[in-house]
Amino acid sequence: MDTFVLQAIAAELSESLLGARLERISQADGHTIVLFFSGARRKKRSLLISTDPAHPRVHLTAEPPPSLPEAPTFCRALRKHLSGLRLTRAASGEWERVLQFSFEPGGGGPRSSDSFALMAEVMGRWSNLVLLDGATGEILEAKRFVPPGPHTPRPLERGGGYQLPPEQKKQNPGALTREALRGMIREADLGSADQEEFARWLVRSVAGVSPALARALAGASNADAEWAGAADALLGAVESYKKRDFSPAWVLGAGGEPAGLSAARTPGADAASYRAFDSMNEAADAFYGRLVKDARLDERKKRVSKTLRRAGERVRSSIEAVRRDLASAGEAEDVLRKGELLLAHLGEVEEKASAVSFSAEEEQIDIALDPRLTPSENAQKYFRRYKKLKRRASTGLARLQEMEEEERFIGALAFDLETAEEVEDVAGVEEALVQAGYAGRGREKKSEKGARPKGRQAARARPYRRFVSPAGWEVIVGKNAMGNDEMLKSVGRAGDTWLHARGVPGSHVLLRRGGDGPPAEPDPETLAQAAAFAAYFSRGRTDSRLTVAYLPFSRLRKPKGRRPGQVLLGAHETILVDPDAGKRLSEEWEEVG
């Protein structure tokens with residue numbers, strides 16, 4: 001968030017929140033605080049303040065994140081001092097990236113003399129939240145304290161006085177003139193710079209300019225004109241800032257994806273490079289809601305991917321070991337023969353010999369010996385080796401099948417992770433790993449499970465999707481191994497048809513007749529449509545044709561001890577379908593909650 005965006009947000013908050021009562025305070029994670037206000041006509045509003053180094057932000061939010069099960073120290077301090085007070089000021093200083101929220105009691109009472117200020121410093125990795133005594137400016141609490149030191153420009157200590165962050169070593173945009181700005185451009189020798197290089201220079205040189213705004217400004221000009229268009233656009237944005245004439249919008253990047261926030265429309269910029277919003281808070285809420293969700297998804301995927309990779313390496317190592325055992329088991333008869341020869345010729349073997357050779361069936365047999373053992377003990381050693389190799393042979397094949405099945409299960413989880421679109425979907429993969437014994441329940445997972453605040457329980461997302469055809473048939477598609485498992489345990493019922501792409505990881509699919517009527521046999525067209533869903537929601541979705549297995553759900557078996565979503569497939573039928581048909585149907589059929 002640059003100073004332009006923060007000023008626009010502060011202006012809107014001053015208009016919409018002043019006088020509102022702070023009813024509740026929660027902390028969503030290590031960086032994010034949510035203040036819940038009740039205003040005129042008991043209208044509820046939620047203000048999110050985050051010091052996340054990657055995405056620091058302040059804005060109203062329509063979907064407050066769930067709170068931690070236990071409030072950390074800073075949240076408890078806010079509750080102690082601010083609960084029940086009214087917001088009397090929401091403002092940002094000129095060209096500052098600090099928002100001040102002032103709170104005072106309303107309607108008299110024992111706390112009528114109390115006043116407090118919450119300073120939200122939105123400054124990248126230096127972002128912070130500081131609670132002050134409103135009368136004295138004394139620091140009561142902070143998200144991050146800074147001890148004094150020879151290289152500390154501004155210490156932050158409990159009980160100390162608060163100072164605004166030191167000014168950046170950049171040009172104040174409010175003091176810029178056209179001549180001064182063009183002089184800076186000439187001095188920087190940017191005549192041959194491309195737009196990206198010019199945008200980086202703007203961020204380094206002018207205070208309060210974000211990378212998104214800098215790229216938009218650079219796009220309004222070119223180097224041939226000494227970036228005159230960009231200079232005029234920046235001065236126009238500064239003028240809008242001074243007048244509080246804001247134009248809330250997303251700055252769009254390649255492919256129309258949101259790349260940043262803008263509070264002032266850049267003159268001369270392509271209108272298609274913006275998406276306008278009615279308010280800056282609305283734009284910020286939508287932008288960061290999407291950005292943080294994607295970041296959480298990527299972060300969670302990376303973590304689970306590491307667990308999957310380690311599990312896969314262990315299983316492949318086990319498979320190689322079992323195969324080596326099976327290969328060595330082929331030596332069992334040769335070992336037995338050597339033991340029998342030794343036993344038959346004990347008197348011919350010299351004590352402490354390291355090898356002996358016998359002729360048997362016109363063949364010379366060389367036998368290695370342990371010179372520390374007697375000839376009889378060497379023979380017994382060969383017999384023990386023979387028994388061990390036979391045991392390996394009898395159990396090795398079953399063990400190899402088990403390991404190969406485990407490898408297929410990990411491959412299926414890897415596909416689930418690859419296609420996960422929500423954090424909840426990744427959590428399903430993680431849960432399957434836990435249940436299968438590949439991972440333990442970490443501290444973060446435990447906190448997430450308990451992270452829903454009292455009185456505001458969030459509905460658990462279903463691990464499967466439901467589609468309804470125009471003819472009234474229902475298709476249920478598992479999202480991951482845990483979704484497949486839940487379908488097997490509690491969703492599927494007699495009369496359903498179960499389908500799965502054959503030979504590749506993918507979703508379990510159930511087909512049933514919708515409504516409350518008796519089960520019905522699907523016609524060939526409906527069966528082919530359900531099979532197309534199974535093909536599309538599988539790793540074979542890029543094939544032109546894919547074989548799908550199907551059978552009545554009542555004939556499906558999930559043996560005890562199998563991993564989540566795994567089944568034994570007995571007698572079944574198959575159908576050949578085009579996976580692209582499943583993609584088309586998933587878009588055409590109604591998806592129900």
Side-chain angles (χ1 to χ4, degrees), residues 1-28 31-51 55-65 67 74-75 77-94 96-109 111-112 114-122 127-134 140-141 143 241 244-248 261 263 277-289 453 456:
M1 281 186 165
D2 58 30
T3 55
F4 297 85
V5 171
L6 284 174
Q7 195 68 242
I9 283 178
E12 292 176 6
L13 294 178
S14 183
E15 183 178 337
S16 62
L17 278 187
L18 290 194
R21 182 176 180 273
L22 182 55
E23 291 191 335
R24 186 161 61 89
I25 304 165
S26 74
Q27 187 159 343
H31 303 290
T32 308
I33 295 288
V34 183
L35 308 181
F36 297 86
F37 290 93
S38 176
R41 301 177 184 175
R42 299 193 63 79
K43 186 172 183 179
K44 308 288 185 181
R45 290 183 180 271
S46 306
L47 179 65
L48 184 148
I49 308 175
S50 179
T51 59
H55 310 296
R57 58 202 186 276
V58 178
H59 58 81
L60 293 173
T61 181
E63 296 184 10
S67 63
F74 186 73
C75 184
L78 292 184
R79 289 175 177 175
K80 173 184 175 182
H81 295 292
L82 304 184
S83 292
L85 302 186
R86 296 193 180 275
L87 184 69
T88 58
R89 185 171 187 262
S92 175
E94 194 74 18
E96 289 177 359
R97 295 173 69 182
V98 180
L99 270 67
Q100 177 179 332
F101 299 96
S102 298
F103 295 88
E104 295 179 4
R111 298 179 60 188
S112 59
D114 294 344
S115 66
F116 301 92
L118 181 62
M119 311 301 290
E121 302 177 352
V122 187
S127 296
N128 203 356
L129 273 171
V130 186
L131 178 65
L132 310 177
D133 183 297
L140 302 176
E141 192 61 63
K143 283 287 282 97
Y241 177 98
R244 302 298 187 263
D245 180 17
F246 299 113
S247 300
L261 293 169
F277 283 81
D278 292 335
S279 77
M280 198 70 249
N281 278 275
E282 181 188 352
D285 190 28
F287 177 76
Y288 284 107
R456 202 167 63 86

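Keep in mind it's a predicted model, so treat the numbers as computed, not measured. Values reported hereafter were calculated over all heavy atoms of this structure, with side chains retained and with hydrogens, waters and symmetry mates removed. Starting from 1, each residue takes its place in the sequence as its number.
- The main-chain N or O of M1 is never found under 3.5 Å from a side-chain atom of R57 such that the two would form a donor-acceptor pair.
- At least one donor-acceptor pair closer than 3.5 Å links the side chain of R97 to the backbone N or O of V122.
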Report task. Carefully, step by step, assess H59 and L48 under the rule side-chain contact (heavy atoms from CB on, under 4.5 Å). Result -> CA-CA 6 Å; H59 58 81; L48 184 148; 4.1 Å; yes

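- Between F116 and H81, the ring-plane angle classifies as tilted under the 30° and 60° cut-offs.
- A 4.5 Å side-chain heavy-atom check between I9 and S92 finds every atom pair outside the cut-off.
- The only option from F277, Y288, F4 that meets the side chain to side chain contact (heavy atoms under 4.5 Å, CB included) definition with L261 turns out to be Y288.
- L22 is not listed as a side-chain neighbour of F101, based on a closest heavy-atom distance of 4.5 Å or more.
- Side-chain contact between L82 and L35: absent, with no pair of heavy atoms (C-beta onward) separated by less than 4.5 Å.
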Requested in this report: Determine, step by step, whether K143 and E121 satisfy the side-chain contact (heavy atoms from CB on, under 4.5 Å) criterion, reporting the C-alpha distance in whole Å, the side-chain angles of both residues, the deciding distance to 0.1 Å, and the verdict.
Outcome: CA-CA 11 Å; K143 283 287 282 97; E121 302 177 352; over 6 Å; no

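- In this structure, R244 forms a cation-pi arrangement with Y241, its terminal cationic atom sitting closer than 6.0 Å to the ring centre and no more than 45° off the ring axis.
- Of the N and O atoms on the side chains of S102 and E104, not one donor lies less than 3.5 Å from an acceptor on the other residue.
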Requested in this report: For D285 and L60, run side-chain contact (heavy atoms from CB on, under 4.5 Å): C-alpha distance rounded to whole Å, both residues' side-chain angles, the deciding distance at 0.1 Å, then the answer.
Outcome: CA-CA 7 Å; D285 190 28; L60 293 173; over 6 Å; no

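- Under the 3.5 Å distance criterion, with hydrogens and angles disregarded, a donor-acceptor pair is assigned to the side chains of T32 and S50.
- In this structure, E94 places its CD atom where more than 12 heavy-atom neighbours from other residues, nucleotides or ligands lie under 6.0 Å away.
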**Report entry** CA sep, side-chain torsions, deciding dist, call: E23, K44, side-chain contact (heavy atoms from CB on, under 4.5 Å)
**Finding:** CA-CA 9 Å; E23 291 191 335; K44 308 288 185 181; 2.9 Å; yes

